[in-house]
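Worksheet for the structure shown next.
Whatever order the structure lists them in is the order used to number ligands and atoms, beginning at 1. Residue numbers start at 1 and run along the sequence shown.
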Amino acid sequence: MKTNQSLLEERNRHIPQGPFNVHPIFVQEAKGAIIIDIEGKEYIDFAGGIGVNNIGHCDEEVVKAVQDQIQKYIHTCFHVVMYEPYVELAKRLNEITPGNFHKKTMFVNSGAEAVENAIKVARHATNRPAIIAFEDAFHGRTLLALSLTSRMKPYKFGFGPYVPEIYRMPYAYCYRCAFGLKYPSCEVECAYFLKEFFHTHISAEQVAGLIVEPVLGEGGFVVPPKEYFGILKKICQDNGIVFIADEIQTGFGRTARMFALEHYEVAPDIVVVAKSMGGGLPLGAVTGKAELMDQPQVGGLGGTFSGNPVACRAALAVLDQIQNKALLSRGEEIGRKVLERFKELQERYTIIGDVRGLGCMVGMELVVDRITKVPATALTKRLIDLCREKGLLMIPAGRHSNVIRPLMPLVITGSQLEEGLSTIDKALLEVCQKESQER
Ligand SMILES: Cc1ncc(COP(=O)(O)O)c(C=O)c1O
């Protein structure tokens, strides 16, 4: 019988080290918020396939939709013979994404590809070259998306030269404010800095688009102040710059709204989505103002597999299930509980420097010392490993991989959630005790 160890050895023999693995285990089956590995060990899933399983593993309606679709046709290529699920899903996304204007949607296979296409549309529509992105942003791993991504190691290191005409601003990271200010007395200077940026980095009339995550995902679940996106959007609007929201990780209920920008009452010109939309199947989308989306010439956008019909059917089922299972309000409850618990843990463990969140996107940042805020990177890894040993799967985030970012499926039961949170508590205690003994 194969074990995690024997498969790991095969994995290492046949697969390069680049495609990383957080946990040295192999899945046998997964349902709801539970993953069972090939040795039969059961785990509560607080990773959700990096934010893909918002509606849970193997949701019954998604499975039914996929089964039904594969009996009919699996691939014709939308550019050769069109099919209804593509059109139906585009219509649904145009309806549910923020903004009360005529929108159009195109599909791709991943988040990175959605980002790439949004930039293509913005450049084509404005006939300008430059893109503004943010520090701590993660937009994917293809070369343009990677160039927009901020973190050097492990993501960018060794893969340059990067795509030119990308300019980077600090994000509204209040815990580590780049301007050394405090909210609200800062009056959100980090947002107004965009005007200054036009003088010091790139002229506004050369900027095609600004791309931003409403809450940093990979960057560490950083939640900007409520005024932030309204200010950025207004400055973009005043300067003819396309405001692009990357809702790839924040979308489809993760912040207890369908899209995170709803919290900020801001409608982006273009929004890119992927991850949880496909219910586990690879699917991304670019939705934007019709007049922008229609700028590229016929044949200028697309791809062989883009908007695969099986993935589109799965996504239609995902949208229905978010509604049928009332997952937005469930996300609100989960988020409240996690935030409350993390704040309570923060009172007991000094290594928890910051707790922050929006809806169900709640993170804790671990530091060696609350005054110096030195990131507790090694300790975070130990915590995650110990949680796995105790039956809880988590992943890190943040510039220094020192943020715990739960991405549990929103269908997680009350007792699973409770067990997961208690496991974090127990693991924190053990890790901190060991740390103080070693000192
Ligand atoms: C905010 C954000 N944008 C883009 C991406 C890239 O998506 P993908 O991995 O599907 O290419 C990710 C993936 O983690 C993401 O979190």
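- Both tests hold for K156 against Y162: distance to the six-membered ring centre under 6.0 Å, angle to the ring axis within 45°.
- Protein heavy atom at the shortest distance from atom 10 (O) of ligand 1 is G111 N, 2.8 Å.
- Near I248, meaning under 4.0 Å from any of its heavy atoms, are these atoms of ligand 1: 2 (C), 3 (N), 4 (C), 5 (C), 12 (C), 15 (C).
- Partner of D320 under the salt bridge (charged side-chain N to carboxylate O under 4.0 Å, His left out) criterion, chosen from K325, R92, R313: R92.
- Nearest protein heavy-atom contact of atom 16 (O) of ligand 1 is Q249 NE2, 2.8 Å.
- Screening Y73, F107, Y83 for a ring pair (Phe, Tyr, Trp, His ring centres under 6.0 Å) involving F78 leaves a single residue, Y83.
- The single protein non-hydrogen atom nearest to atom 11 (O) of ligand 1 is A112 N, 2.8 Å, given as residue, atom name and distance.
- If you run side-chain hydrogen bond (donor to acceptor under 3.5 Å, both in side chains) between E365 and each of H400, Q346, R356, K373, only R356 comes through.
- Distances shorter than 4.0 angstrom do not occur between any heavy atom of E218 and any atom of ligand 1.
- At the top of the distance list for atom 2 (C) of ligand 1, counting protein heavy atoms only, stands F138 O, 3.2 Å.
- Nearest non-hydrogen protein atom to atom 3 (N) of ligand 1 is D246 OD2, 2.7 Å.
- Using a 4.5 Å heavy-atom threshold, the side chains of E165 and R123 count as touching.
- Atom 14 (O) of ligand 1 has K275 NZ, 2.8 Å as its closest protein atom, hydrogens excluded (heavy atom only).
- Looking at heavy atoms from C-beta onward, M258 lies in side-chain contact with L319 at the 4.5 angstrom threshold.
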